[in-house]
Amino acid sequence: KHPISPENENDDNNKNKNERMEQQLNQLTPEQRQAVLMQAQQEANQRIMQDMLQRMVKTCFNKCAGTSGDRLDSREQSCMASCQDQYLETRSQVQQALEQRQSGMH
């Protein structure tokens, strides 16, 4: 890397931002700090679930949709339903694991 490259600037900016955030967190009471951490964990969990649902739609569509035109035929619809059921079952298991992990943070 060049010493004055944008990459080094971004690294420095991120480092400064992280240091400021750490200083701000240290000024909070333990209860406030816990609330901030819980909110961050919930937001991360939401992103995980959104990503999973997007992958579900893409994966199931690619797996099941053929070339029958602009509508799914009955076989494709059945395939989509089964594929989505599998993903949603997995999502439920992941959600339970995340909740258990999150309850361990208390």
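The residues of the chain are indexed from 1 along the displayed sequence. Source: prediction; values computed, not measured.
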Report summary line: d(F61 CZ, E76 CD) to nearest 0.5 Å is 8.0 Å
Contacts of [X] that satisfy side-chain contact (heavy atoms from CB on, under 4.5 Å) - sequence neighbours left out:
X   : answer
Q32 : L28, T29
E89 : Q93
A35 : none
K17 : R20, M21

All N/O donor-acceptor pairs, side-chain side in residues 48-57, below 3.5 Å, sequence neighbours left out:
none

Test side chain to side chain donor-acceptor pair (under 3.5 Å) applied to [X] - qualifying residues, sequence neighbours left out:
X   : value
N45 : Q41, Q102
Q96 : none
E43 : Q39
Q42 : none

Query raised in the report: Do Q95 and E99 have side-chain atoms, one donor and one acceptor, less than 3.5 Å apart?
Result: yes
**Report entry** Whether T90 side chain and Q86 backbone form a donor-acceptor pair below 3.5 Å
**Finding:**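 Yes: the side chain of T90 pairs with the backbone of Q86.
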Query raised in the report: When you measure from the side chain of S103 to the backbone N and O of Q100, does any donor-acceptor pair fall under 3.5 Å?
Result: yes
Report task. Could you note down all residue pairs passing disulfide bond (SG atoms under 2.5 Å apart) where residues 70-103 supplies at least one of them, sequence neighbours left out? Result ->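 For residues 70-103, and leaving out neighbouring residues, the disulfide bond (SG atoms under 2.5 Å apart) pairs sorted by first residue read C60-C83, C64-C79.
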